[in-house]
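See structure below.
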Amino acid sequence: MKGLFDLHYDFKKIEEKWQRIWEENRVFATGNDYTKPKYYALVEFPYPSGQGLHVGHPRPYTALDIVARKRRMQGYNVLFPMGWDAFGLPTENYAIKNHIHPEKVTKQNVARFKSQLRSLGLSFDWEREVNTTDPDYYKWTQWIFIQMFKKGLAYKKEMAVNWCTSCKVVLANEEVVGGVCERCGGEVVRKVKSQWMLKITEYAQRLIDDLADVDYIDRVKASQINWIGRSTGAEILFDTTFGDQLKIYTTRPDTLYGATYMVISPEHPALQTWSGVIENMNEVRAYQEAASRKSDFERAEVNKDKTGVMLQGVRAVNPVNGREIPIFISDYVLMTYGTGAIMAVPAHDTRDYEFAKKFDLAVVEVVKGGDVEKEAFTDCETGVMVNSGMLDGLTVEEAKKKIISWLQETGKGEPKVNYKLRDWVFSRQRYWGEPIPMVYCDKCGWVPLDEHELPLRLPEVESYEPTDDGESPLATMTDFVNTTCPKCGAPAKRETDTMPQWAGSSWYYLRYCDPHNDKTLASREALDYWLPVDWYNGGMEHTTLHLLYSRFWHKFLYDIGVVGTKEPYAKRTSHGMILGEGGIKMSKSKGNVVNPDDIVNEYGADTLRLYEMFIGDFEKVAPWSNSSIKGCKRFLDRVWGLQDIVTDGEGYSDRLEGAFHKTIKKVSEDIEGLKFNTAIAAMMSLLNEISDAGAITRGELRTFLILLNPFAPHITEEIYQNVGLSGMLHEQAWAEYDSEKCVDATVEMAVQINGKLRGRIVVAADAGKDEIIRLAKEDEKIAQFIEGKQLVKEICVPGKLVNFVVKG
RNA sequence: GCCGCUGUGGUGGAAUCGGCAGACACAAGGGACUUAAAAUCCCUGGCUGGAAACAGUGUGCGGGUUCAAGUCCCGCCAGCGGCACCA
């Protein structure tokens, strides 16, 4: 005999069947009807690594797949594309090791990823697939670079790079872990090379300001603002005894009277200027030498002792009181921020304090409120100025204003805004990246290729390894390197560095709008229709690099008239990582990696999708659990069993009508609010109610399937067909609810005495306060508690509770 | 040090504006079905006491506001992520 819910459904057959039907009917191909309302849902395209899909990938993909499927049912023209961010080091390293062309490796990896993604039933429009390593794609990456060069935003500069002394190779910052080479563990030092740079700093203020116009989750906005690191202060000129001037930047111009010495970076150019008068130049040179040998990691170690050398023969003059003060060089002052020189105010800066204590320098208190005998007093809120001449008695804020206007009047300084954000180092001495389309001509300097010569393809090379002196493998290709100047025709040499991995991903969302266009990166018509991306979800780890870089490129493209919106993404959300069982990060070495293929084989794609959405708060990390996933499979088995109890009838039954309206509301709202877990819980509750009722009408089942379809698209489509409903499920309109029907006729209310739960009453939903209180007092138990006592207060929140405050 | 997040049963996690803490699931225990197991179905469950009704207690810790606090305020503690000598 067949029980009600004891069927296990054949997910393998069903999932393959529907994936085939969707593909053959081009069900998820994006519509080109620009008169329809549009919705652009975007997930970050993956790097197709050799390991295949990780169980973390489906979490964001499923989430936005749910949104995309719901939007289609709501009548939108939906763009939900996918592609490959395929340039990058792991592929290149694999190619070096195994002597296989990275293009071939990429092709294999993409094929694997694609079949894995297909098996999950994600509704991507594969006709719009893009690949950053495709010359038809990177042609436009190169084109954008050339536009930036033409506008002066791309320039070449001598830069320190990370150099692995053992691999003899330039490393990206990400490859330097804990100060050593990620691959071989060798020592990493800084080496100066000429690098292409992009002037993202020119957009720093706009990248902050325009965050006001977009709907990003707060933590994303906060870390971008933090990363850009805007600070306001002043630049101040100090005369020197040499006869020139030294410019410093400070955020605390109010403490100028407390500046008792100065510090400049070991790389500061003034040292060259003063070399004739510095008496201890040997000592200075030795310090410079030592600093340059140090890795960035060593130099940045916070807790290390401050070191430095006092310059003999040159001193500075504090402009506000004419006092001569010593100048030091120390590596705690960075050449890359501000002016590479500071005024040191030990009384009110912890680093200066530490330095002053070590070198026994004067500490002059100029802001009262702390104890500068013990530690630096850095509070700007409460302090009052002392020992500061014209500033005495003012608050810190007042003093800042006053000293800045004094500096401006006397020509000794001016207000200044600084950013921590640095220009983007855009060169990599690597093979597997977009070639930089530039030529160096002895006469003309750096000249971009003619645009009609794009794409500049990656040439075939024999070895992908960088050369011994850290040049890209392209540097050994004389056929590639030797060319003629696009401007004057003289013999010239090509740039042999390639672009970083972040290049191709900085504009890919634009290409999806019109991926096969060979005239422009995308037609203006398509861009105007689809932009901005309505909802972009991606990892927090991309907040300060990819997300910021792509906003920067978009703003540039806006400035030159390629796109019509200031911002690329209207909304940005971020998912939490999926950890291994027990909350430990999944890793090969720990052997706790879950392969999505195994889960799909054992439970089916619908169960995997459902579980990844049910696992917890979408925005937080969640530990994988092999037993919890069974609950989701069980749920789908029970949904499958609904076919056994379906009855004729297209309307709602009296018993379930309210529950259905409530669930439609809950699921609809929860999807918008990233609360996929509670949306599923609501559907589970509804199923429990249906089970108790023992029957479901075909109309009710139809509604249930519509709600569940975005989460579990295969099984719902199959049941829909099995019970003889017309058309295909994904074509149906999203379910509507009636707010009035979400309210029950009667409600159970809690009755409290002095805030403690003492009883319950059932009242009509529309009962008034007086009536509720009357009914509560009539309750036997409550009456006992009130009897003989003084009723001080009666609180009634209709629909929730009653609270009697009694005394005595 | 700075920025952000988190702390709720055995576990994952729920809980609009302050309004019945623990929804929904997992695991566990008991029962039904079965020759048996699996699967499925039913029941129980924060903790303490009690056979039970019930009472007390309970959301990292200490205070406070309120008729009412997981939620708001003040002060701590612990953990996670990111940045880090940015003047």
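Proteins come first, then strands; the chains are lettered A, B, ... in the order of their sequence lines, and each starts at number 1.
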Contact class for [X] vs. all strands (heavy atom < 4.0 Å): base, sugar-phosphate, or nothing?
{"X": "A:V621", "answer": "sugar-phosphate"}
{"X": "A:R758", "answer": "sugar-phosphate"}
{"X": "A:S627", "answer": "sugar-phosphate"}
{"X": "A:T250", "answer": "sugar-phosphate"}
{"X": "A:S231", "answer": "sugar-phosphate"}
{"X": "A:E748", "answer": "base"}
{"X": "A:N677", "answer": "sugar-phosphate"}
{"X": "A:N418", "answer": "nothing"}
{"X": "A:V805", "answer": "sugar-phosphate"}
{"X": "A:F804", "answer": "nothing"}
{"X": "A:D617", "answer": "sugar-phosphate"}
{"X": "A:K633", "answer": "nothing"}
{"X": "A:K756", "answer": "sugar-phosphate"}
{"X": "A:I615", "answer": "sugar-phosphate"}

Nearest-Å distance once atom [atom1] is located in both [N] and [M]:
{"N": "B:G70", "M": "B:G18", "atom1": "C1'", "result": "11 Å"}
{"N": "B:C24", "M": "B:U6", "atom1": "P", "result": "25 Å"}
{"N": "B:A15", "M": "B:G22", "atom1": "C1'", "result": "9 Å"}
{"N": "B:C20", "M": "B:G46", "atom1": "C1'", "result": "16 Å"}
{"N": "B:A87", "M": "B:G12", "atom1": "C1'", "result": "47 Å"}
{"N": "B:G58", "M": "B:G79", "atom1": "P", "result": "26 Å"}
{"N": "B:C80", "M": "B:C74", "atom1": "P", "result": "26 Å"}

Ring pair (Phe, Tyr, Trp, His ring centres under 6.0 Å) with A:Y611: of A:F711, A:Y603, A:W624, only one passes, and it is A:W624

Heavy atoms from C-beta onward define the side chain here; which of [options] lies closest to that of [X]?
{"X": "A:F785", "options": "B:A87, B:G4, B:A55", "result": "B:A55"}
{"X": "A:K630", "options": "B:A87, B:A27, B:C20", "result": "B:A27"}
{"X": "A:K781", "options": "B:C20, B:A55, B:C41", "result": "B:A55"}

Per the O4'-C1'-N9-C4 / O4'-C1'-N1-C2 angle with a 90° window around 0, B:C17 comes out syn

Syn within 90° of 0, anti beyond: B:G9 is syn

Partner of B:U40 under the Watson-Crick or G-U wobble criteria, both distances under 3.5 Å, comes out as B:A32

Can you find an N or O donor on one side and an acceptor on the other, under 3.5 Å apart, linking the side chain of [X] with the base of [N]?
{"X": "A:N226", "N": "B:C3", "answer": "no"}
{"X": "A:K306", "N": "B:C85", "answer": "yes"}
{"X": "A:R760", "N": "B:C20", "answer": "yes"}

Which whole-number value in Å describes the distance from [X] [atom1] to [N] [atom2]?
{"X": "A:E619", "N": "B:U6", "atom1": "CD", "atom2": "C1'", "value": "13 Å"}
{"X": "A:L687", "N": "B:A23", "atom1": "CG", "atom2": "C1'", "value": "16 Å"}
{"X": "A:L757", "N": "B:A68", "atom1": "CG", "atom2": "P", "value": "16 Å"}
{"X": "A:L547", "N": "B:G82", "atom1": "CG", "atom2": "P", "value": "17 Å"}

With the side chain counted from C-beta on, respond yes when [X] and [Y] share a heavy-atom pair under 4.5 Å apart, and no when they do not.
{"X": "A:D10", "Y": "A:K12", "result": "yes"}
{"X": "A:T307", "Y": "A:D331", "result": "yes"}
{"X": "A:R572", "Y": "A:D215", "result": "no"}

A:T678 side chain to A:D670 side chain, donor-acceptor N/O pair below 3.5 angstrom:
yes

| query | Looking just at side-chain N and O atoms, do A:Y337 and A:S231 make a donor-acceptor pair shorter than 3.5 Å? | reply | yes

More than 12 non-hydrogen atoms from neighbouring residues, nucleotides or ligands closer than 6.0 Å to NZ on A:K800, yes or no?
no

